[in-house]
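When a residue number appears, it is its place in the shown sequence, counting from 1.
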Amino acid sequence: MAITIKSAREIELMRESNRLLCEMHNELAKMIKPGISTMDIDRAAAAFIKDCGCVSNFLDYEGYPGNICCSINEEVVHGIPREDRILKEGDIISIDAGMIYKGYNSDAARTHCVGEVAPEVKQLVDETRNSFFEGIKFATAGNHLYDISNAIADYIEKFGYGIIRDLVGHGIGTELHEEPQIPNFHMKRKGPKLEAGMTLAVEPMIALGRGDVEWLGDDWTVVTEDRSPAAHYENTILITDGAPEILSLVD
Ligand code: MF3
Ligand code: CO
């Protein structure tokens, strides 16, 4: 499958799917405090998605059992919501979520601090988000895909953080995962040329320690091998002839 170029109608549906997702993230962010469980967040997400007349694109994806992913501290991504997984002061939690609106997928992730966290961990969270914005400075028609990857990697390497290489961003549309794959690490090739109408999920996943990861026994939860904390920040963007439109980040 080649990279799909979305029509004006499809872009409108991607916009709405991602606008709703942004609203949901803003609601879920208000819940983040010590004492709540990741299942509490999942339940709130499920209710929100249902109220929008949408469905979760994560639930049942290759058998995934949650509506969203909640990954705490050394968990990088794909943490499964659980009743007995309780947030505590000093944790960081990455919420990764998406939904399907009239056949079109949204996908975005935010990492939140639970109360006061160690300054170096807070910085990791901030710089992971910043690296997304550095990367998408290059997300313009006529540039090449790996311009984004290289900009993210250049930015992150200044801090000595570990870039997760086993997981990458992706195209998105009628499928949650479409071509192309979008690495967050240095690439020697240029990659495909960016064209207006491409919709991409750009998602740096960054560790305070090394970027090597392993999978827990549940076969979903990805953790850093060195158990250092990791942050994740993701938005679905639309490539245009100018600056990209960040579909999952609206006022
Ligand atoms: N949001 C993830 C991504 O960015 C996909 C999660 S799929 C799930 O690609 F099944 F793990 F939920
Ligand atoms: Co994604």
Visitor: Could you list the donor-acceptor pairs under 3.5 angstrom formed between side-chain atoms of residues 109-117 and any protein atom two or more places apart in sequence or on another chain?
Guide:
unit_1	atom_1	unit_2	atom_2	d
Arg110	NH1	Glu234	O	3.3
Arg110	NH1	Asn235	OD1	3.0
Arg110	NH2	Asn235	OD1	3.4
Arg110	NH2	Ser248	O	2.8
Thr111	OG1	Ser94	OG	2.8
Thr111	OG1	His232	N	2.9
Thr111	OG1	His232	O	2.7

Visitor: Identify whether the distance between the nearest side-chain nitrogen and carboxylate oxygen of Glu127 and Lys158 falls below 4.0 Å.
Guide: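 No, no charged N to carboxylate O under 4.0 Å.
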Visitor: Give a yes or no on whether Val125 and Ile41 share a hydrophobic cluster (residues Ile, Leu, Val, Met, Phe, Trp, Tyr; joining criterion: side-chain heavy atoms under 4.5 Å apart).
Guide: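 No: no chain of side-chain contacts under 4.5 Å links Val125 to Ile41.
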Visitor: Walk me through whether Val121 and Leu208 qualify under side chain to side chain contact (heavy atoms under 4.5 Å, CB included).
Guide: CA-CA 7 Å; Val121 177; Leu208 191 58; 4.3 Å; yes
Visitor: Answer yes if the side chains of Glu178 and Thr4 hold a donor-acceptor pair under 3.5 Å, and no otherwise.
Guide: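 Indeed, the side chains of Glu178 and Thr4 share at least one donor-acceptor pair under 3.5 Å.
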Visitor: Got Trp220 and Pro65 here, is their nearest side-chain heavy-atom distance under 4.5 Å?
Guide: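 Yes. Closest side-chain heavy atoms under 4.5 Å.
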Visitor: Would you say the side-chain atoms of Asp60 pair up with the backbone N or O of Gly63, donor to acceptor, closer than 3.5 Å?
Guide: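 Checking the backbone N and O of Gly63 against the side chain of Asp60, no donor-acceptor pair under 3.5 Å is found.
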Visitor: Look only at the side chain of Ser17 and the backbone of Met14, and say whether a donor-acceptor pair between them is shorter than 3.5 Å.
Guide: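 The answer is no, because no donor-acceptor pair under 3.5 Å joins these two groups.
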Visitor: Say whether Ile164 and Ile156 are linked into one hydrophobic cluster, either directly or through other cluster members, by side-chain heavy-atom distances under 4.5 angstrom.
Guide: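 No; Ile156 is not reachable from Ile164 via cluster members.
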Visitor: So Phe132 and Ile246, do their side chains get closer than 4.5 Å, heavy atoms only?
Guide: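 Yes; the side chains approach each other to less than 4.5 Å.
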Visitor: Is there any side chain to side chain donor-acceptor pair (under 3.5 Å) pair reaching into residues 95-104, and which pairs are they, with sequence neighbours excluded?
Guide: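 Non-adjacent pairs meeting side chain to side chain donor-acceptor pair (under 3.5 Å): Glu10-Tyr104.
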Visitor: Could you check whether His177 and Tyr61, counting side-chain N and O atoms only, form a donor-acceptor pair closer than 3.5 Å?
Guide: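 The answer is yes; a qualifying pair exists.
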Visitor: Each residue besides Ile86 in its hydrophobic cluster should be listed here, by chain and number; the cluster joins Ile, Leu, Val, Met, Phe, Trp and Tyr at side-chain heavy-atom distances under 4.5 Å.
Guide: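 Hydrophobic cluster check, Ile86: no partners found.
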Visitor: Any sub-3.5 Å donor-acceptor pair from Thr140's side-chain atoms to Asn143's backbone N or O?
Guide: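 Not at all, since once roles are kept as given, no pair shorter than 3.5 Å links the two residues.
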Visitor: Mind checking the OG-CD1 spacing from Ser228 to Ile206? Nearest 0.5 Å is all I need.
Guide: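 Result: 11.0 Å between the selected atoms.
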Visitor: When you compare the side chain of Phe58 with that of Leu176, does any pair of heavy atoms fall below 4.5 Å?
Guide: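 Yes, close enough: below the 4.5 Å cut-off.
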Visitor: How far apart are the C-alpha atoms of Val168 and Phe185, what are their side-chain angles, what is the distance that settles it, and do they pass the side chain to side chain contact (heavy atoms under 4.5 Å, CB included) test?
Guide: CA-CA 9 Å; Val168 294; Phe185 45 86; 4.2 Å; yes
Visitor: When clusters are formed by joining ILVMFWY residues with side-chain heavy atoms under 4.5 Å apart, either directly or through shared neighbours, do Ile92 and Val222 land in the same one?
Guide: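 Hydrophobic grouping puts Ile92 apart from Val222.
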Visitor: Quick check: closest heavy atoms across Thr224 and Ala230, and the distance to 0.1 Å?
Guide: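 Looking at all heavy atoms of both residues, the closest pair is CG2-CB, 4.1 Å.
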Visitor: Any side-chain heavy-atom pair from His144 and Phe138 closer than 4.5 angstrom?
Guide: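 Counting from C-beta outward, His144 and Phe138 never come under 4.5 Å.
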Visitor: Quick one: CG on Leu20 to CG on Asp51, what's the gap to the nearest 0.5 Å?
Guide: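 Answer rounded to 0.5 Å: 11.0 Å.
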Visitor: Say whether, by atom type as modelled, one donor and one acceptor occur between the side chain of Asp42 and the main chain of Asn67 under 3.5 angstrom.
Guide: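 Checking the backbone N and O of Asn67 against the side chain of Asp42, a donor-acceptor pair under 3.5 Å is found.
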Visitor: Could you tell me which non-hydrogen atom of Ser106 sits nearest to which non-hydrogen atom of Asn18, and how far apart they are?
Guide: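 Smallest interatomic distance, heavy atoms only, reads CB-OD1, 3.0 Å.
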Visitor: Kindly give the heavy-atom pair with the smallest separation between Gly98 and Asn57, and that separation in Å.
Guide: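 In terms of heavy atoms, the two residues are closest at C-OD1, 2.8 Å.
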Visitor: Any side-chain to backbone donor/acceptor pair from Ser56 onto Met99? Under 3.5 Å, distance only.
Guide: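 Not confirmed, Ser56 side chain does not pair with Met99 backbone.
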Visitor: Are Cys70 and Ile72 close enough that some pair of their side-chain heavy atoms sits under 4.5 Å apart?
Guide: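 They are not in contact (no side-chain heavy atoms under 4.5 Å apart), so the answer is no.
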Visitor: Judged by atom type as modelled, is there a donor-acceptor pair below 3.5 Å linking the side chain of Thr199 to the main-chain atoms of Ile172?
Guide: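 Side chain of Thr199 to backbone of Ile172, a donor-acceptor pair under 3.5 Å: yes, one is there.
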Visitor: Without placing hydrogens or testing angles, list every side-chain donor-acceptor pair under 3.5 Å for residues 187-195, not counting sequence neighbours.
Guide:
none

Visitor: At their closest point, which heavy atom of Gly197 faces which heavy atom of Ile11, and how far apart are they?
Guide: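 Residues Gly197 and Ile11, closest heavy atoms: CA-CD1, 4.3 Å.
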Visitor: Are Met31 and Ile93 joined in one hydrophobic group, where the rule is that I, L, V, M, F, W and Y side chains link up if heavy atoms are under 4.5 Å apart?
Guide: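 The answer is yes; both residues are in one hydrophobic cluster.
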Visitor: Within a 6.0 Å radius of atom CD on Glu23, are there more than 12 heavy atoms belonging to other residues, nucleotides or ligands?
Guide: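 Buried by this count: over 12 neighbours within 6.0 Å.
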Visitor: Would you check if the side chain of Asp91 reaches a backbone N or O of Leu87 as a donor-acceptor pair within less than 3.5 Å?
Guide: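 Side chain of Asp91 to backbone of Leu87, a donor-acceptor pair under 3.5 Å: no, none is there.
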Visitor: Taking the side chain as every heavy atom from C-beta outward, state whether Arg19 and Leu247 have any atom pair closer than 4.5 Å.
Guide: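 Side chain of Arg19 against side chain of Leu247, heavy atoms only: no contact under 4.5 Å found.
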Visitor: With Glu157, which residues qualify under salt bridge (Lys or Arg N to Asp or Glu O under 4.0 Å), at least two apart?
Guide: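 Expected list: none.
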Visitor: Are Trp215 and Asp166 close enough that some pair of their side-chain heavy atoms sits under 4.5 Å apart?
Guide: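 Trp215 reaches Asp166 side chain to side chain.
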Visitor: Assess whether a salt bridge exists between Arg85 and Glu75, defined as any Lys/Arg side-chain N lying under 4.0 Å from an Asp/Glu carboxylate O.
Guide: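 Glu75 and Arg85: salt-bridged.
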Visitor: Does the pair Arg43/Glu83 count as a salt bridge with the N-to-O cut at 4.0 Å?
Guide: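 Answer for the salt bridge query: yes.
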Visitor: Using a 3.5 Å distance criterion without hydrogens, assess whether the side chain of Asp212 forms a donor-acceptor pair with backbone atoms of Glu225.
Guide: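 Absent.
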Visitor: What's the separation between atom CE in Met24 and atom SG in Cys54, rounded to the nearest 0.5 Å?
Guide: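 It is 9.5 Å, given to the nearest 0.5 Å.
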Visitor: Taking only Lys NZ, Arg NE, NH1 and NH2, and the carboxylate oxygens of Asp or Glu, determine whether Glu12 and Arg9 approach each other closer than 4.0 Å.
Guide: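 Looking at Glu12 and Arg9, the cut-off is not met.
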Visitor: Can you measure from CD1 (Ile80) to CG (Leu216) and round to the nearest 0.5 angstrom?
Guide: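 So the gap between those two atoms works out to 9.0 Å.
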Visitor: Looking at Asp147, is its backbone amide N or carbonyl O close enough to the side chain of Asn150 to form a donor-acceptor pair, meaning the two atoms are under 3.5 Å apart?
Guide: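 No.
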Visitor: If I take atom CD1 from residue Ile148 and atom CG from residue Leu200, how far apart are they, to the nearest 0.5 angstrom?
Guide: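 Rounded to the nearest 0.5 Å, the CD1-CG separation comes to 6.0 Å.
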Visitor: Can you list the steps and then say if His170 with Glu203 is a side chain to side chain donor-acceptor pair (under 3.5 Å)?
Guide: CA-CA 8 Å; His170 50 94; Glu203 49 178 320; 3.0 Å; yes
Visitor: Please step through side chain to side chain contact (heavy atoms under 4.5 Å, CB included) for the pair Val223 and Val213, ending with a clear verdict.
Guide: CA-CA 5 Å; Val223 296; Val213 296; over 6 Å; no
Visitor: Are Ile163 and Leu124 joined in one hydrophobic group, where the rule is that I, L, V, M, F, W and Y side chains link up if heavy atoms are under 4.5 Å apart?
Guide: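 In one cluster with Ile163: Leu124, yes.
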Visitor: Under the side chain to side chain contact (heavy atoms under 4.5 Å, CB included) criterion, do Arg165 and Asn184 qualify, and how do the steps go?
Guide: CA-CA 7 Å; Arg165 302 173 68 94; Asn184 299 300; over 6 Å; no
Visitor: His186 versus Asp154: any side-chain heavy-atom pair under 4.5 Å?
Guide: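 Of all side-chain heavy-atom pairs linking Asp154 with His186, at least one is under 4.5 Å.
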Visitor: Do the rings of Tyr233 and Phe133 sit parallel, tilted or perpendicular, given the 30° and 60° boundaries?
Guide: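 Correct class here is tilted.
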Visitor: What's the separation between atom CG in Asp219 and atom CD in Glu62, rounded to the nearest 0.5 Å?
Guide: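 One finds 11.0 Å between CG of Asp219 and CD of Glu62.
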Visitor: So, for Ala44 and Leu28, which heavy atoms are closest and what is the spacing to 0.1 Å?
Guide: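 Smallest interatomic distance, heavy atoms only, reads CB-CD2, 3.9 Å.
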Visitor: What's the shortest heavy-atom distance between Ile5 and Ala196, and which atoms?
Guide: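 Result for this residue pair: CG2-O, 3.5 Å.
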Visitor: Provide the full list of side chain to side chain donor-acceptor pair (under 3.5 Å) pairs with a residue in residues 30-39, sequence neighbours left out, each pair given once.
Guide: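 Of all non-adjacent pairs touching residues 30-39, those that pass side chain to side chain donor-acceptor pair (under 3.5 Å) are Glu27-Lys30, Ser37-Asp40.
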